[in-house]
Amino acid sequence: MKNFNLLAIIVSVMSITFSLCAGTFDVTAFGAKADDATDNTAAIQKAIDACSAKGGGRVLVPSGGVYQTYTLNLKNNVELHIERGATLKGGEGPYKYPEFKPTPVWNVERAPRFNRRAMFYTVGQTNVAITGAGTIDGNAEKFHERTDKRNWTGYNWWRKSDTNITGRCVFFVGCSDVRLDDVLIYHTSGWSTWFLDCDRIGIRGVRIEADHRFPNGDGLHFGGCRDVTVSDCMIDSQDDSLIIRTHQEQMKKPRPCERVVVNNCILRSSGAYVIRIGFTGDGPVRDMSFNNIISPHSRLGIGFTLPPEPAPPNEYKDPPRGRGLVPPPLSSRLPFYAENLRFSNMSIICDQAPLGVIVGNTERVSFMKDITFSNCSFKSQKPPFCRCRSKDNVRNWRFSDVTFEIVNRPPLGINPNEPKPEDFFKNVSNFEFYNVKYAFTGEPLLWQLVLEKDGVQGAIPIEGADQKYSASEDATRPGVRRYVYDSLKAGTNTYAIKMTIEERTTPTG
């Protein structure tokens, strides 16, 4: 296994500094008002521009209220510092977020879901940061609407538009020496962050709280980046919590995503993976360490995921493309490979598979090798699996002091398509196991529904997650919404049941 100098990476990222000799630029001195009504975009941008023009420094968003804003562009040598008690909140007018213009830095026309709007959009800048214990509020509810049709997350909420929405909240592309410290990123209407083709990124103490009702609420998303450290973060995402990819379609020149260190984080995902490696059409990822990760709940654990290229039309699917765009030819794309990835000191509890490998039949894969798991505990309702081809060269994986606990597994034969323990070894070679425990237990993962009768509350355990329901308004009783469950899941079994829950949106008197 290749070694790489983690200390050098950490020192490199810690060396990111900001010149404060030019002083502090208070946004209120440029006309910003914390009244949750004024459009402060121009005032805040003037402060950023003035700070950069003076050689750099700190742009201060002082505590005391909510500053409404639309798209902001950071500039060279600027630290945007949001004080505790201050909130930058995205405005609700979608067309006031300007579309990304063509740039030599990345392929704007191939923006995911051809969504070209963001709340923070920084392109080709050096020595930039967002810091402070304040809040960035994406105002997600203003870009979604409640319907009677459930989305893929199981909720009755849909985007009002797939394009006129801030699909990325904090977006850095083609930047170097980037820092994100302490800030709370709250209720984004798409990916909370996206770092594309950036160098030397330091992220520390960041909190992300996604609204689970709305789809695509990813956490930290790195595409084709190099020399990244992430530490002491708490992420509660709707979609994947941590994504490692090489977005070849969006990058001007594909390069591996490499030298990434993630330490001491708590990650939750209500709808997808704790950590996802790769996606359709991706290039190489290598030399990474994930250590001291706790996930008290997620849908899935760790995934090496390369779904097949979907057939045309592919305008809204993944990898999403603009109208009329076709996939780049395979000859122009680097094949995917994963090499020298280390996962250690992890505790993950999830509803489905704790570890999975998926390779679609359209994907070019050179290998997935030198992957290690040490001192890890996985608790799930399904076993790990590996759906790959022998030519994908999934090899040289090592597991030491690892526990897989599969809970509430149904008797054999109930679901013939359910992954079996032996499925993890199909088309793979050189898997090493040292002190690995693999056990099935009868203990279910319990969810609780609390009901009240005659002033006394009682908890009813419901096994499983992602319970499906239909919702409707009661025409005869204004302010009452009814949720009807026709079944409940318990692990991998589904039981027929009829349960109705009423939600009152007006006082009962």
Please verify the inter-ring angle class for [X] with [Y]; under 30° counts as parallel, over 60° as perpendicular, anything in between as tilted.
X: Trp194; Y: Trp106; answer: perpendicular
X: His144; Y: Phe214; answer: parallel
X: Tyr438; Y: Phe440; answer: perpendicular
X: Phe343; Y: Phe304; answer: perpendicular

Heavy atoms from other residues, nucleotides or ligands near [atom1] of [X] exceed 12 (cutoff 6.0 Å):
X: Leu334; atom1: CG; result: yes
X: Phe399; atom1: CZ; result: yes
X: Lys252; atom1: NZ; result: yes
X: Lys160; atom1: NZ; result: yes

Practice item. Output all residues satisfying salt bridge (charged side-chain N to carboxylate O under 4.0 Å, His left out) with Glu363, sequence neighbours left out; order by chain, then residue number. Key: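 None.
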[X] side chain near [Y] side chain, heavy-atom distance below 4.5 Å:
X: Asp182; Y: Arg204; value: yes
X: Val357; Y: Met368; value: yes
X: Lys426; Y: Phe385; value: no
X: Ser269; Y: Leu300; value: no
X: Val108; Y: Thr103; value: yes
X: Cys265; Y: Ile235; value: no
X: Phe171; Y: Leu196; value: yes
X: Phe120; Y: Phe172; value: no

Side chains of [X] and [Y], donor plus acceptor under 3.5 Å:
X: Asn396; Y: Asn430; result: yes
X: Arg168; Y: Asn115; result: no
X: Thr166; Y: Ser189; result: yes
X: Asn127; Y: Asp177; result: no

Please tabulate, for side-chain N and O atoms in residues 130-140, each donor-acceptor pair with protein atoms closer than 3.5 Å (sequence neighbours left out).
residue : atom : partner : partner atom : Å
Thr131  : OG1  : Glu79   : OE2          : 2.6
Thr131  : OG1  : His81   : ND1          : 2.8
Asp137  : OD1  : Asn139  : N            : 2.8
Asn139  : ND2  : Gly90   : O            : 2.9

Donor-acceptor pair, distance only, cut-off 3.5 Å: does the side chain of [X] make one with the backbone of [Y]?
X: Ser241; Y: Arg268; result: yes
X: Arg333; Y: Arg364; result: no
X: Arg398; Y: Asp370; result: no
X: Ser377; Y: Thr403; result: no
X: Asn76; Y: Thr126; result: yes
X: Ser192; Y: Asp218; result: yes
X: Asp211; Y: Arg213; result: yes
X: Glu209; Y: Leu184; result: no
X: Thr246; Y: Gln248; result: no
X: Ser231; Y: Asn264; result: no

Shortest non-hydrogen contact from [X] toward [Y]:
X: Asn73; Y: Ile48; result: O-CG2, 3.5 Å
X: Pro112; Y: Trp191; result: CG-CH2, 4.0 Å
X: His212; Y: Gln238; result: O-CG, 3.6 Å
X: Gly301; Y: Cys350; result: N-SG, 3.9 Å
X: Thr163; Y: Arg117; result: O-NE, 3.5 Å
X: Tyr121; Y: Ala118; result: CB-CB, 4.3 Å

(request) Test Asn263 against Asn292 for side-chain hydrogen bond (donor to acceptor under 3.5 Å, both in side chains), laying out the working first. (result) CA-CA 6 Å; Asn263 282 320; Asn292 276 1; over 6 Å; no
Go through it in stages, so that I can follow the logic: the residues are Asn291 and Ser344, the test is side-chain hydrogen bond (donor to acceptor under 3.5 Å, both in side chains), and I'd like the CA-CA distance, side-chain angles, deciding distance and then a yes or no. CA-CA 5 Å; Asn291 180 57; Ser344 58; 2.7 Å; yes
Could you pull out all residues at least two apart from Phe378 that satisfy ring-ring contact (aromatic ring centres under 6.0 Å, His included)?
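By the ring-ring contact (aromatic ring centres under 6.0 Å, His included) rule, Phe378 matches Phe404.
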[atom1] of [X] to [atom2] of [Y]: how many Å apart, nearest 0.5 Å?
X: Leu220; Y: Ile243; atom1: CG; atom2: CD1; result: 7.5 Å
X: Glu249; Y: Glu109; atom1: CD; atom2: CD; result: 9.5 Å
X: Gln352; Y: Tyr273; atom1: CD; atom2: OH; result: 8.5 Å
X: His247; Y: Cys225; atom1: NE2; atom2: SG; result: 8.5 Å
X: Thr122; Y: Lys75; atom1: OG1; atom2: NZ; result: 9.5 Å

Basic-acidic side-chain contact under 4.0 Å: [X], [Y]:
X: Arg226; Y: Asp197; value: yes
X: Arg200; Y: Asp227; value: no
X: Lys369; Y: Glu339; value: yes

Give me the one residue out of Val274, Asp240, Ile348, Ile294 that meets side-chain contact (heavy atoms from CB on, under 4.5 Å) with Leu267.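 Single pass found, and it is Val274.
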- Query: Any cation-pi pair here, Arg286 with Tyr337, using under 6.0 Å and within 45°?
  - Reply: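 No, a cation-pi geometry is absent between Arg286 and Tyr337.
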